[in-house]
Amino acid sequence: MKCEVKKAEGNVSTVMQFVLLGFSDLPHLQGFLFGVFSIIYIIIIIGNSLIIVLTSLDPALQKPMYFFLANFSLLEISYVTVTLPRMLMNLWTQDRSISLLGCATQMCFFLMLGATECFLLAVMAYDRYVAICNPLHYPLVMNQKMCVQLAVGSWIIGIPVQIGQTTQVFSLHFCNCNQINHFFCDIPHIIKLACGDTAVHEMSVYVVTILIVTVPFMLILASYSKIICTILKLPTASGQAKAFSTCSSHLLVVLLFFGSTTITYLRPKSYHSAGMDKLLSLFYTIVTPLFNPMIYSLRNKDVIASLRKFFLKM
């Protein structure tokens, strides 16, 4: 598809819309990909919605840990909804165009929800730290008011930063080809299309990413360092196993999300390739939300018991 540009003042060409190439390099697999991603989207919605319903209805799950888990499931539904429906529409209609405003909106929500996930995972680690390292103070520290404040803070803390970053990126002039070799509007691919020197903007992306990813990750590492030290001091092996089981699911999700995100955004430019970028993006935008309900339900006795009661009542 040809680049669609419009002459702006100062004899500078400005792109009026973008084209998300997505998986157009696989023309014979468009129908297959649409079917696979449709099924995955349905599973993500059902799985995460089920966790929200269970934590809302079952008195046994009316605990801070599951309150944060319900928030996390809602976040995963929102996170995947920012990118996947648009990709499904592109696969179905083969119309891959997206307006400048539509692209900016998608990127802004994607970045805000990504920041929320980083901080919410840190909050969940702190919850496990208090529960295991200070069990006597746990009901006092993690009271309802504190849980709500931590959850709300996680949802809103990244909003001003990511709105500012989106505004900064889309204040650039896009005078090159408008084709984005990706399945959604992501910062590195948008900056790549901009005119002139983008070194300052690229550095800004690195700084913001390091702050939003590294700060929560360091808090998680600190929490789990304390947790592991406390668990190793427990007198019995059964007590150690029980304590490890309560936080192993969360730790697995942390490794999946932060690992793929770090590789995507912080690896050197020379190591970037369109195929690898798409694969890594699929991992943390679709695969991780797909497996989160399974990780938390299959590795948690309380959730399994709640699931049994839920389906027996149906």
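Numbering starts at 1 and runs along the sequence shown. Bear in mind the structure is a predicted one, so any value in this text is a computation, not a measurement.
The closest side-chain heavy-atom distance from Val19 to Ile180 is not below 4.5 Å. Under the 4.5 Å side-chain criterion, counting only non-hydrogen atoms from C-beta, Met142 is in contact with Phe68. A 4.5 Å side-chain heavy-atom check between Leu256 and Phe283 finds at least one atom pair inside the cut-off. Between Val148 and Phe67, some side-chain heavy-atom pair lies under the 4.5 Å cut-off. Within the 4.5 Å cutoff, the side chain of Leu75 has no heavy atoms near those of the Ser154 side chain. Contact of the Phe37 side chain with the Leu282 side chain is registered, since non-hydrogen atoms from C-beta on lie closer than 4.5 Å. Ile187 places none of its side-chain heavy atoms less than 4.5 Å from the side chain of Lys192. Looking at Ile51 and Leu69, their side chains come closer than 4.5 Å, going by heavy atoms from C-beta outward.
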request  = Might you work through the side chain to side chain contact (heavy atoms under 4.5 Å, CB included) test for Leu21 and Phe183, ending with a clear yes or no?
outcome  = CA-CA 6 Å; Leu21 296 180; Phe183 59 88; over 6 Å; no

**Asked** Should Ile295 and Val253 be marked as a side chain to side chain contact (heavy atoms under 4.5 Å, CB included) after you check the CA-CA gap, both sets of side-chain angles, and the distance that decides it?
**Response** CA-CA 8 Å; Ile295 291 170; Val253 171; 4.1 Å; yes

Quiz item: What's the verdict on side chain to side chain contact (heavy atoms under 4.5 Å, CB included) for Phe72 and Asn48, showing C-alpha distance, side-chain angles and the deciding distance?
Solution: CA-CA 9 Å; Phe72 190 68; Asn48 285 285; 5.9 Å; no

Please step through side chain to side chain donor-acceptor pair (under 3.5 Å) for the pair Asp58 and Tyr66, ending with a clear verdict. CA-CA 10 Å; Asp58 193 338; Tyr66 300 110; over 6 Å; no

Side chain to side chain contact (heavy atoms under 4.5 Å, CB included) between Arg128 and Ile227, worked out: CA-CA 8 Å; Arg128 292 298 83 210; Ile227 288 170; 3.9 Å; yes

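Across Gln106 and Val82, no two heavy atoms sit closer than the pair NE2-O, 3.2 Å. When all heavy atoms are compared, the tightest approach of Leu20 to Arg86 is CD1-CG, 4.4 Å. When every heavy atom of Gln30 is checked against every heavy atom of Phe23, the shortest pair comes out as NE2-O, 2.8 Å. In terms of heavy-atom proximity, Ile190 sits nearest to Met107 at CG1-SD, 4.1 Å. Of all non-hydrogen atoms in Asn71 and Ala151, the two that sit nearest each other are OD1-CB, 3.9 Å. In terms of heavy-atom proximity, Leu150 sits nearest to Val123 at CB-CG1, 3.8 Å.
Ile45 and Leu307 fall within a single hydrophobic cluster, where Ile, Leu, Val, Met, Phe, Trp and Tyr side chains are chained together by heavy-atom contacts under 4.5 Å. The cluster map of Ile, Leu, Val, Met, Phe, Trp and Tyr, joined by side-chain heavy atoms under 4.5 Å apart, puts Ile212 and Ile191 in different clusters. Residues Ile46 and Leu88 do not share a hydrophobic cluster, defined by chaining ILVMFWY side chains whose heavy atoms lie under 4.5 Å apart. When hydrophobic clusters are built by joining Ile, Leu, Val, Met, Phe, Trp and Tyr residues whose side-chain heavy atoms come closer than 4.5 Å, directly or via intermediates, Leu111 is not grouped with Val208. Hydrophobic cluster membership is shared by Leu54 and Leu57, with clusters built from Ile, Leu, Val, Met, Phe, Trp and Tyr side chains linked at under 4.5 angstrom.
Glu76 CD to Ile52 CD1: the interatomic distance, rounded to the nearest 0.5 Å, is 10.5 Å. The CZ atom of Phe291 sits 10.5 Å away from atom CG of Leu252, with the distance rounded to the nearest 0.5 Å. The structure places CG of Leu50 at 8.0 Å from OG of Ser306, a figure rounded to the nearest 0.5 Å. For the atom pair CG of Leu290 and CD1 of Ile39, the computed distance is 11.0 Å after rounding to the nearest 0.5 Å. Distance check, rounded to the nearest 0.5 Å: CG of Leu251 to CD1 of Ile228 gives 7.0 Å. To the nearest 0.5 angstrom, Asn181 atom CG is 7.0 Å from Ser24 atom OG.
Note on ring orientation: taking the six-membered ring where Trp is involved, the planes of Phe170 and Phe18 are perpendicular (angle over 60°, cut-offs 30° and 60°). Using bins of under 30°, 30° to 60° and over 60° for the plane-to-plane angle, the ring pair Trp92/Phe34 lands in the tilted bin.
Counted within 6.0 Å of NZ on Lys278, heavy atoms from surrounding residues, nucleotides or ligands total more than 12; the atom is thus considered enclosed. No more than 12 heavy atoms of other residues, nucleotides or ligands lie within 6.0 Å of CE in Met218, so this atom counts as exposed by the packing criterion.
Panel note: side chain Thr198, backbone His201; no donor-acceptor pair is recorded below 3.5 Å. Between the Asn134 side chain and the Val130 main chain, no donor and acceptor come within less than 3.5 Å of each other. Side-chain atoms of Thr209 come within 3.5 Å of backbone N or O of Val205 as a donor-acceptor pair. For Asn143 (side chain) and Met146 (main-chain N/O), a donor-acceptor pair under 3.5 Å exists by modelled atom type. Between the side chain of Glu117 and the main chain of Leu113, no donor-acceptor pair closer than 3.5 Å is present.
Note on residues 31-43: pairs passing side chain to side chain donor-acceptor pair (under 3.5 Å), not counting sequence neighbours, are Tyr41-Thr81. Sorted by first and then second residue, the ring-ring contact (aromatic ring centres under 6.0 Å, His included) pairs with a member in residues 105-131 read Tyr79-Phe110, Phe110-Phe184; sequence neighbours excluded.
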